[in-house]
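Structure first, then comments.
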Number of protein chains: 2
Amino acid sequence: MNDASAVPPTPPRDRTLSAPLIARQALALADERGLEKLTVRSLASALGVGTMTFYGYFRSKEEILDAMADEALGSLALPEGEPDETPRQAIENVAQAFRRLMVEHPSIAQILSSRITDSPQARRGAMEVVIDRLMRSGIPGPLAVRSYGFLMVHALGFASYQTPRPWARGTSDESPDESELRRQQHHFYASLPLTEFPRLVELRDELIELPGEAQFAFGVACLCDTVEATLAREGHLDG
Amino acid sequence: MNDASAVPPTPPRDRTLSAPLIARQALALADERGLEKLTVRSLASALGVGTMTFYGYFRSKEEILDAMADEALGSLALPEGEPDETPRQAIENVAQAFRRLMVEHPSIAQILSSRITDSPQARRGAMEVVIDRLMRSGIPGPLAVRSYGFLMVHALGFASYQTPRPWARGTSDESPDESELRRQQHHFYASLPLTEFPRLVELRDELIELPGEAQFAFGVACLCDTVEATLAREGHLDG
DNA sequence: AAAATGTACCGTACAAAGTACGGAGACCGG
DNA sequence: CCGGTCTCCGTACTTTGTACGGTACATTTT
């Protein structure tokens, strides 16, 4: 028999490659190891193909990043809700979906922030679904658009602000040594010069909680309050 | 006389360089031509020094980016306000300062989004000033921290979302061919398949305005509403 | 004043990453 | 059996960050 080293350089000829598949793998790689570790070569080796293979599907690495953003936006999953959803419920569901998106794909915040990203495809789809959901809950169109923009910006900004990116983390799906990090932060704020930063020292317990989920929820609640107040003020008493 | 080409490669020996100066120049370059055009070499030629000069001031390009973020945050300028500022006024002033920061330094949104950026220096200073300003207007500490987080996230997310980055623009300090861009967007939304994106087509006029300043103001107003409502509910009737 | 030492700067070179170019194998219709 | 096409990719060039060591001026020492 011929030896294994003579295996042809064209292993299965699977036609197993496709643009969405490449984008999905790239997204997984970036989410796992960090966007800066996503190189054309690392992606190639992860897929078991040659370096230049992608240029048959994309014109540049930038286009791969666009496809990744598209892929992620396309995976936006709104939780099912009853048909008689209140505006607050609709907003909170959308917000949760955005938040989950950013948590599951830590790299897309960076991708969206670093590019013009006019990937129209899935982005428009998500837009349509979200705005439709908000409007069905009773929010009028213009306000639904504002709310969409608010939630998108809030989720993106929140994810961008402190990207904790625990690459090389260990065990659970939740933050691993959260308490250790809190301890460090606590120590940091406590050691600030009291005369120079009196407020920061005074409020260190709150500041430590700043990057937590409660901060995200606070922003969402602000939107809910305003939307509800607007609806009440305009006297949409349907019922 | 000796010819000009014999000018030594050490022109003035000015001792004109310093870390903040490098950071400022880098920030200016990035804001002007785009962060991706900011290379060590381009920065060197802009400063008229050699490529490796920076490594006497910073350990890596990353550190230069950190210094740029620090520089920008340090330039945060809160408009002066009377001592009897209302919470709404304080919030709006802070929001305006953040917004101006992102407009004047389009690159820092990208910098903050792409890095862990634990630049403690100026960042903490801005934090202290902002939180102090909010508290002086009557907002209690914990709510002031929440508001700071909200505004930072909102400004950062808003700047990140659609970075119009008109590099290579021409004349005025305002957007040059704003109307042309609007026309394109209008055409885009109008040409969407009506059956697939009915909401987007229906709301195209509002969607075109999505990246405008009114969207930013909407988010700020949401925060103001919630803060005022909270203060009223807790009955802080000081007067 | 001349030599030694330190400081600030930078020329060269190498590694990593994006990608242009052209080629190589597999499959297909004749 | 023979080109044609499709898919994949090996090689090499360019750009970027940066390690290493050198060079020139200033200050100190003798």
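The sequence lines fix the lettering, A, B, ..., with proteins before strands; numbering per chain opens at 1.
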Checklist outcome for this item: Which of C/dC10, C/dT19, C/dC9 is nearest the side chain of B/Met52? It is C/dC10
Checklist entry - Starting at OH of B/Tyr55 and ending at C1' of D/dG21, how long is that distance when rounded to a whole Å? => result 16 Å
Checklist entry - Between A/Phe150 and B/His154, how do the two ring planes meet: parallel, tilted or perpendicular, split at 30° and 60°? => result tilted
Item to check | Options D/dT18, C/dT19, C/dC10, nucleotide nearest the side-chain atoms of B/Lys61 | outcome: D/dT18
Checklist entry - For residues B/Arg124 and A/Tyr189, is any side-chain donor paired with an opposing acceptor at under 3.5 Å? => result yes
Item to check | Nearest-Å distance for atom pair CD1/P, residues A/Ile64 and C/dA17 | outcome: 14 Å
Next on the checklist: If I take atom CZ in residue B/Phe58 and atom P in nucleotide D/dA19, what distance separates them, rounded to the nearest angstrom?
Outcome noted: 15 Å
Checklist entry - Salt bridge between A/Glu213 and A/Arg99, side-chain N to carboxylate O under 4.0 Å? => result yes
Item to check | Nucleotide C/dG18, atom C1' - distance to CD of A/Glu36 in whole Å | outcome: 17 Å
Item to check | Atom-pair distance (NZ on A/Lys37; P on C/dA16), nearest Å | outcome: 13 Å
Next on the checklist: Both A/Thr51 and A/Arg41 contact DNA chain D. Which one's nearest nucleotide lies toward the 5' end?
Outcome noted: A/Thr51
Next on the checklist: How many whole angstroms separate atom CG of A/Leu47 from atom C1' of D/dC9?
Outcome noted: 14 Å
Next on the checklist: Can you measure B/Phe54 atom CZ to C/dC10 atom C1' for me and round it to whole angstrom units?
Outcome noted: 11 Å
Checklist entry - OP1 or OP2 of D/dC8 less than 4.0 angstrom from a side-chain nitrogen or oxygen of A/Tyr57, does that happen here? => result yes
Checklist outcome for this item: Whole-Å distance, A/Glu62 CD to C/dT19 P, equals 8 Å
Item to check | Salt bridge present between A/Arg24 and A/Glu71 (N-O < 4.0 angstrom) | outcome: yes
Checklist outcome for this item: Against the side chain of A/Thr53, the closest entry in D/dC9, D/dT18, C/dC10 is D/dC9
